[in-house]
Protein chains: 2
Amino acid sequence: MSKIIPARNGTKKDAIILKAATLFRKKGYVAASMRDLAESMGVEASSLYNHIGSKQELLQSICFKVALKFNNELTAITSAKGKVVPRLEALIRFHIHMMIDAYDEVHVANHEWKQLHEPYLGNFLQERKAYENSLIALIEEGTAAKELKPIHPHVAVLTLLSAVRGLEFWQRHKKSVTADELETDMINHLLTGLIQ
Amino acid sequence: MSKIIPARNGTKKDAIILKAATLFRKKGYVAASMRDLAESMGVEASSLYNHIGSKQELLQSICFKVALKFNNELTAITSAKGKVVPRLEALIRFHIHMMIDAYDEVHVANHEWKQLHEPYLGNFLQERKAYENSLIALIEEGTAAKELKPIHPHVAVLTLLSAVRGLEFWQRHKKSVTADELETDMINHLLTGLIQ
DNA sequence: CAAAAAAACTAATATGCGTTAGTTTTGCTG
DNA sequence: CAGCAAAACTAACGCATATTAGTTTTTTTG
């Protein structure tokens, strides 16, 4: 018999959620079994149920924890005063840092939300939509102030969000590019383009 | 009893693969069952096996069909003569068109390749890596010719590929932005930036 | 140190899965 | 229309799954 070790500054439940995020990222939510998860914690599958309600609850915790963090940051940024460009830059930097600090959880929220049950699925999509709309408003503010080029704001948001989401593929290049270089180059690319 | 209707200019197997792509995109490969697939074709699950080898084979067909199309196009573009920028532009346009014409299959190849068994998983990743490397070489060519800004080519490729991959989220906005507007705006954004 | 609570265990349940075997129906071909 | 191949069907297999029930072990508490 082994024991579940609580997460740093957290409960045993938190520890399970963290391991679940790693496992769900690696294998996908459906393909990852509770036995896999239990094994990775050195425990039998049924023992997990002393701490959690269900497998689905784990996914919900992960997805909404991530959503909350992004929402808090975006709210701070959109409600701040000042030029749009530096605020946009701050948001991109935040996305990059989230992808580095909470890689597994962000990855799972991005890829496995489909497996959420109702009403969580609907809530999650609604939060995403709201996030997108706030960002669209920020772009429009920038275009109106002539800080940004005239561009269809939906397209700009799509490009921005997709680009930062793609940071999940960056793990492979960690050796050749540092996080700082990445940040600088990506922000430059997204804000000022590739062409000399 | 119903019947499987062959794909236009194709076999019944092709028809199954097409439906599988749609189903795998909607529910994910693991969550999608052969019974789901059969039902969507108006047939019993076991009947599918008169035409296909296995569920896994369906995923393999989808992933490698997509990979082949992308590889062919990139080979044509990288081996062409001329300036880098218009070639890069052509590649981005190709990605956009693929996402519109073969949405389900591209989506599945992008999201479900993890579920490929060896040696297909290894082959697929190798093809992706080669694709990325060719694109990096193209960017480096552009930087050397001073057509492009000095940027870490890994970052540029990551940003470009991620942005076009994100087109899968565009279905929602089809009403407010046409494919042509999307193409123009995204290419402008990626090549010349957002800032006025 | 005894009682109580927490958390592990074993065993089992019901369900759904991919796939196979064997059989029947359909539809083409001579 | 007979014979044959293609393709559908029903039924079942073996296996993995999430979860529950009941029990035992460990840890905490008074």
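Any value given below was found using the heavy atoms of this structure, including those in side chains, with hydrogens, waters and symmetry copies removed.
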Exercise for the section: Could you check which of C/dC9, C/dA7, D/dA8 has an atom nearest any side-chain atom of B/Asn50? Expected result: D/dA8

Practice task
Give the nucleotide from the list C/dA8, D/dT19, C/dT19 with an atom nearest to the side chain of B/Ala45.
Solution key: C/dT19

Exercise for the section: Assign A/Ala31 to base, sugar-phosphate, or nothing according to its heavy-atom contacts below 4.0 angstrom with the strands shown. Expected result: nothing

Exercise for the section: Please work out which of the three classes, parallel, tilted or perpendicular, describes the rings of A/Tyr131 and A/Phe70, given edges at 30° and 60°. Expected result: perpendicular

Exercise for the section: Report whether B/Trp113 and A/Val30 are members of the same hydrophobic cluster (ILVMFWY, side-chain heavy atoms less than 4.5 Å apart, transitive linking). Expected result: yes

Practice task
Mark yes or no for a side-chain to base donor-acceptor pair under 3.5 Å between A/Arg35 and D/dA18, with no hydrogen or angle criteria applied.
Solution key: yes

Problem - Nucleotide of C/dG18, D/dA7, D/dT17 approaching B/Lys55 most closely (side-chain heavy atoms) - result: C/dG18

Exercise for the section: Determine the contact category for B/Ala38: base if any of its heavy atoms lies under 4.0 Å from a base atom, sugar-phosphate if only primed atoms, P, OP1 or OP2 are that close, otherwise nothing. Expected result: nothing

Practice task
When you get a sec, tell me which of D/dC9, C/dA8, D/dA7 is the closest nucleotide to the side chain of B/Ser47?
Solution key: D/dC9

Problem - Candidate nucleotides C/dA7, D/dA18, D/dC9, ranked by approach to the side chain of A/His51 - the nearest - result: C/dA7

Problem - Whole-Å gap separating P (D/dA8) and CD1 (B/Ile52) - result: 12 Å

Practice task
Check the distance between D/dA7's C1' and B/Met41's CE and give it to me in whole angstrom.
Solution key: 13 Å

Practice task
Provide, to the nearest angstrom, the distance between the CG atom belonging to B/Leu48 and the C1' atom belonging to C/dT20.
Solution key: 14 Å

Exercise for the section: Establish, from distance only, whether the side-chain atoms of B/His154 and B/Glu132 form a donor-acceptor pair under 3.5 Å. Expected result: no

Practice task
Flag the pair B/Lys13 and B/Glu57 as a salt bridge only when some basic side-chain nitrogen lies within less than 4.0 angstrom of an acidic carboxylate oxygen.
Solution key: yes

Practice task
Give the nucleotide from the list D/dT27, C/dT19, D/dA8 with an atom nearest to the side chain of B/Tyr49.
Solution key: C/dT19

Fill in the blank from the handout: Of the listed C/dA8, D/dT19, C/dA21, the closest approach to the B/Ser46 side chain comes from C/dA21

